[in-house]
There are 2 protein chains.
Amino acid sequence: MRNEPDTLDAAFAALAHPARRRMLDLLVQAPGCSVKWVTSHFDFSRIAAMKHLSVLEDAGLIISEKKGRTRELYFNSVPIQQIYDRWTSQYGSFWAERLADVKERVEARQAKGERKSA
Amino acid sequence: MRNEPDTLDAAFAALAHPARRRMLDLLVQAPGCSVKWVTSHFDFSRIAAMKHLSVLEDAGLIISEKKGRTRELYFNSVPIQQIYDRWTSQYGSFWAERLADVKERVEARQAKGERKSA
DNA sequence: CTCATAGGTAACTGCTAGGTTACCTGTTTA
DNA sequence: TAAACAGGTAACCTAGCAGTTACCTATGAG
């Protein structure tokens, strides 16, 4: 019954906090941004923000690189994709209609890509 | 920046605990099962299990109905589908390859369905 | 050089999640 | 109808999360 890697445990726990989910949104919109910039979007202190960021990084949801005196932050989608895989495999039977929607979205996306590359 | 209904907050928080995720798995595999049956799969007490179940129900991940002296428990996929929608829309740009895999899975599923109904 | 700036660590606090035991309510069934 | 059975509530304890202030380190600009 141990079908769930500990990795995802950390990711789920990290995603439990609204501020951390908003942080991921910020990183998606502004890849390579600094700790200070992320902090500026929240009410709490820089230290609190740093703790959230390190929770996210420990969970693999963030990758960071120190450049000079600032740290560049990047979103990493892998753990979320793993969570998604877990759901579609475990709860697959509940997804029929929803997956049909996805199919259309994927094909629309691919059509755009093909037109662009043509 | 308020693009996230409070509903999902509860769902994310509920999914943060491994035992609660396992409970959802159990409900998927045994719809309509009892509180006692769910409890029997864990080390902690029945009361702890009931608390987890009510967290899940408050988050909309479980629907329950009292039948006589037992309570029948059912998995509800709607909140998870909403989370999924949030991800595919917000982090869409990170999903290209992954979504292609989904497309194949969907088509395989539909092909099976069509064969069955033919 | 010097000093403002960006980040990092340490130590403390309040609150709540997650667990317990004890007890109560309602429903089968022997 | 008595007693076993399934579930529910109350009150409590504890560990850890999320926040704080204070202080330290290193780098870029003037």
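Proteins get letters first, then strands, A, B, ... in listed order; numbering begins at 1 in each.
Among pairs with a residue in residues 29-41 of chain A, none fulfils salt bridge (Lys or Arg N to Asp or Glu O under 4.0 Å), at least two apart in sequence or across chains.
Nearest nucleotide to the M50(A) side chain, out of dT20(C), dG18(C), dG7(C): dG7(C).
Considering only residues two or more places apart in sequence or on other chains, K67(B) meets the salt bridge (Lys or Arg N to Asp or Glu O under 4.0 Å) condition with E72(B). Annotation: side chain to side chain donor-acceptor pair (under 3.5 Å) contacts of T39(A) (sequence neighbours excluded): none. Taking S64(B) as the reference, E57(B), R71(B) meet the side chain to side chain donor-acceptor pair (under 3.5 Å) condition, with sequence neighbours excluded. Partners of H17(B) by side chain to side chain donor-acceptor pair (under 3.5 Å), not counting sequence neighbours: none found.
Atoms CZ (R20(B)) and C1' (dG18(C)) sit 9 Å apart, rounded to a whole Å. Between the CH2 atom of W37(A) and the P atom of dT5(C) there is a distance of 20 Å, given to the nearest Å. In this structure, K66(A) atom NZ and dT5(C) atom C1' are separated by 12 Å, rounded to whole Å. The CG-P distance, from L53(B) to dG18(C), rounds to 13 Å in whole Å. The distance from atom NE2 of H52(B) to atom P of dT16(C) is 18 Å, rounded to the nearest whole Å. Between K36(A) atom NZ and dG8(C) atom P there is a gap of 13 Å when expressed in whole angstrom units.
When heavy atoms are screened at a 4.0 angstrom cut-off, S45(B) is found touching base atoms of the nucleic acid.
Looking only at side-chain heavy atoms (C-beta outward), V55(B) and L61(B) stay at 4.5 Å or farther from each other. Considering only heavy atoms from C-beta on, L53(B) comes within 4.5 Å of L73(B) through its side chain. Two residues are said to be in side-chain contact when any heavy atoms from C-beta on lie closer than 4.5 Å; W87(B) and S89(B) fail this criterion.
Contact footprint of chain A on DNA chain D: nucleotides with an atom under 4.0 Å from a non-hydrogen protein atom, first to last in 5' to 3' order, dA18(D) to dG28(D).
Place K51(A) and E72(A) on DNA chain C by their nearest nucleotides, and E72(A) ends up nearer the 5' end. Place K67(A) and D43(A) on DNA chain D by their nearest nucleotides, and D43(A) ends up nearer the 5' end.
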Which side-chain N or O atoms in residues 42-50 of chain B pair as donor and acceptor under 3.5 Å with protein atoms at least two apart or in another chain?
unit_1	atom_1	unit_2	atom_2	d
S45(B)	OG	I47(B)	N	3.4
S45(B)	OG	A48(B)	N	3.2

Which atom pairs link the protein and nucleotides 23-27 of chain C when you take only N or O atoms and keep those under 3.5 Å?
unit_1	atom_1	unit_2	atom_2	d
dT27(C)	O2	R69(B)	NH1	3.3

